[in-house]
Structures are given as structure tokens and as C-alpha cells.
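Data first, discussion second: the structure below is written as C-alpha cells.
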Amino acid sequence: MTSVPTKLQQVHDRIASACAAAGRPVQAVTLLAVSKTFGAEAVREAAAAGQRAFGENYVQEALDKIRATADLGLEWHLIGPLQSNKARLVAEAFDWVHSIDRLKIAQRLSEQRPAGRAPLQVCLQVNISGEASKSGLAPADVPALARAVAALPRLQLRGLMAIPEPQGDFAAQRAPHRALRALWQGLRDDGLALDTLSIGMSADLEAAIAEGATIVRIGTAIFGSRPAAAVAAP
Ligand SMILES: *Cc1c(COP(=O)(O)O)cnc(C)c1O
């Protein structure tokens with residue numbers, strides 16, 4: 001089996017090729033290693049190979065890993081659905097939240113962010129493919145929520161996140177990413193200081209980088225396949 005450091009290097013190579021093809025500097029894209037369902041040992045292995053930013057979907061699972069690796073000073077991003085009863089834990093433990101989709105949760109995170117820490121860095125999650133089952137807000141609702149979240153004192157709104165419907169070919173993969181970027185550009189044109197497009201996963205990172213991704217969220221290509229049962233866990 002290919003080791004985590006080797007797979008991490010392969011992902012860096014893919015990112016570098018995609019940046020070269022898009023005429024973008026490789027430093028413009030941050031690799032977020034999605035460690036959900038994998039243990040603290042996998043995180044340590046990736047960290048030893050130079051990886052600093054990690055993404056998690058499930059709050060309780062993440063908190064255990066954050067505690068178990070506290071000595072490493074890693075950066076933690078919540079990329080999964082967020083319940084308001086977990087807002088305090090999230091505001092205390094994470095550096096970023098990519099999955100903001102309503103004002104109430106954003107207000108709670110802002111209220112609960114500890115005074116001694118930097119503002120919580122956040123993205124709004126957009127349901128860009130219009131799938132009924134997916135979380136995220138409708139594109140039409142993004143401008144109003146973006147203004148409201150940008151005004152919260154203990155959050156810093158950085159940009160938009162999406163999980164497009166899986167597509168096989170490159171052109172089809174690019175379309176939803178392009179739509180998200182257009183929405184993001186519109187917000188910037190209206191004066192919001194956004195610098196983050198959180199798009200691109202193991203299967204479509206090239207298409208996302210072609211459309212301007214600044215954070216790619218990569219799990220499988222770094223850590224291997226996740227056990228099927230754990231994917232559906234709450
Ligand atoms: C699991 C997950 C990823 C990583 O997906 P891979 O296909 O394993 O790279 C990225 N983003 C979100 C929101 C996820 O839930």
C-alpha cells in the first residue's frame with residue numbers, strides 16, 4: 001500500500017500541474033487534508049511530511065483528534081454540517097468553518113469565539129448544483145447572508161465553499177466551480193473582501209484549480225478509501 005507521505009506528494013504534484021496548466025502560482029492553492037474517519041496517527045504521519053491544515057466533518061471525532069495532536073500546533077477546519085448545540089465546541093476548537101449556511105449558527109459562533117483567539121475564519125457553503133439532498137444555501141440567498149456574516153465581530157468571512165455533484169468529465173466538473181466563482185466575484189465586486197474559494201476534492205481538484213480554487217479539500221487521495229459505514233455516520 002502506498003504510504004501517506006507518498007500519496008501526499010502525489011497530491012502536491014497534481015496541484016502543481018493544475019496550477020501550471022491554469023497559469024496560477026502554486027502558492028495560490030492551499031491543501032486541506034481531510035482526515036475524517038482516520039485516526040490521530042494518520043494525522044501525525046501527514047504532519048510529519050509537512051502537512052499543516054486538516055479538515056474534519058464530525059465535531060466529536062475532530063475534538064478527539066485535535067486534543068490528541070495538540071502538541072503539533074496544526075490548523076483545523078470544520079467542513080461538515082454544523083448543529084447549533086455544537087457551536088461553542090466548534091468556536092473554541094477550530095480555526096476555520098467552511099459550512100456556514102444560516103445566520104443563526106454564524107451568530108452563535110461569533111458569540112462563542114473565545115476572546116483570546118483570532119476571529120474564526122469562515123466560508124458560506126453554497127448548494128451550487130441545486131441538489132435537494134445537499135446542505136448549503138441557494139445561490140440567490142448568498143449575498144444577504146454574506147453581508148450579515150461579514151458584519152459579525154468574531155468571525156472573518158473569507159469566501160465560499162461548495163461540494164458539486166460528482167461528474168465524470170473535466171468540462172462537466174468545471175461548470176459548477178465556474179458558477180461558484182462567478183457568485184464569489186460578484187460579492188467581491190460589491191465590496192466584500194473575500195479571498196477564498198473552497199472547492200476541489202480528490203476526483204475534481206484539477207477542474208477546481210482551473211476555475212480558481214484557493215483551498216482544495218482532499219481526503220481519499222491522501223489517506224485512502226474511507227470505510228463505507230463511517231461515511232454515513234452522523
Ligand atoms: C469528505 C470530504 C472531502 C474529501 O473528499 P475526497 O473525495 O475523499 O477527497 C472534501 N470536502 C468535504 C466537505 C467532505 O465531506
Side-chain angles (χ1 to χ4, degrees), residues 11 14-15 17-19 21-34 36 53 55-57 77-82 96-103 105-106 109 120-150 155-221:
V11 170
R14 283 177 66 188
I15 292 172
S17 303
C19 284
R24 302 180 60 203
V26 72
Q27 303 90 320
V29 179
T30 298
L31 172 58
L32 183 64
V34 177
K36 66 178 177 216
E56 289 283 336
N57 287 55
H77 297 229
L78 182 67
I79 60 175
L82 188 50
W96 283 68
V97 174
H98 294 228
S99 44
I100 304 279
D101 62 359
R102 55 199 195 278
L103 185 56
I105 200 84
L109 289 172
L120 188 62
Q121 310 296 300
V122 302
C123 292
L124 305 187
Q125 182 175 350
V126 183
N127 186 356
I128 200 68
S129 304
E131 292 169 272
S133 60
K134 278 275 164 62
S135 38
L137 70 161
D141 298 332
V142 169
L145 184 61
R147 298 229 157 265
V149 169
L155 302 188
Q156 184 173 359
L157 179 63
R158 297 292 296 270
L160 303 179
M161 180 273 239
I163 313 171
E165 207 172 358
Q167 302 281 351
D169 81 278
F170 191 65
Q173 287 178 352
R174 282 183 73 155
H177 294 134
R178 186 178 316 128
L180 192 77
R181 187 187 53 181
L183 188 61
W184 177 81
Q185 190 58 52
L187 299 173
R188 282 158 51 101
D189 294 344
D190 285 345
L192 287 173
L194 307 183
D195 63 4
T196 300
L197 265 177
S198 170
I199 41 176
M201 308 185 4
S202 293
D204 65 358
L205 76 85
E206 286 83 3
I209 288 173
E211 295 297 345
T214 67
I215 298 182
V216 291
R217 311 179 308 264
I218 310 299
T220 310

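As the structure is a computational prediction, the values presented were derived from the model and not from experiment. By convention here, the first residue in the shown sequence is residue 1.
Of the possible donor and acceptor atoms, none in the side chain of Gln125 sits under 3.5 Å from a partner among the backbone N and O of Asp101. Side-chain N or O atoms of Arg188 include one that pairs as donor or acceptor with a backbone N or O of Leu194 at under 3.5 Å. Using modelled atom types, no side-chain atom of Trp96 and backbone atom of Ile79 make a donor-acceptor pair closer than 3.5 Å. Judged by distance alone, the side chain of Arg217 and the main-chain N or O of Ser198 form a donor-acceptor pair under 3.5 Å. Side chain of Ser99 to backbone of Leu82: no donor-acceptor contact under 3.5 angstrom is found.
Remark: Leu145 CG to Leu124 CG distance equals 5.0 Å, nearest 0.5 Å. In this structure, Ser129 OG and Leu180 CG are separated by 9.5 Å, a value rounded to the nearest 0.5 Å.
The closest side-chain heavy-atom distance from Ile199 to Arg181 is not below 4.5 Å. Val216 is not listed as a side-chain neighbour of Val11, based on a closest heavy-atom distance of 4.5 Å or more. Looking at heavy atoms from C-beta onward, Thr214 lies in side-chain contact with Arg24 at the 4.5 angstrom threshold. Contact check for Leu205 versus Val29: no side-chain heavy atoms found under the 4.5 Å cut-off. Considering only heavy atoms from C-beta on, Arg158 comes within 4.5 Å of Asp195 through its side chain. Inter-residue side-chain proximity for Gln167 and Asp204 is flagged as unmet; no heavy-atom pair is nearer than 4.5 Å. Here the side chains of Ile100 and Leu137 are not in contact, with every heavy-atom distance at 4.5 Å or above. Ile218 places none of its side-chain heavy atoms less than 4.5 Å from the side chain of Ile15.
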Might you work through the side-chain contact (heavy atoms from CB on, under 4.5 Å) test for Thr220 and Met201, ending with a clear yes or no?
-> CA-CA 9 Å; Thr220 310; Met201 308 185 4; over 6 Å; no
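Ring geometry for His77 against His98 counts as tilted: the plane angle lies between 30° and 60°, on a 0 to 90° scale.
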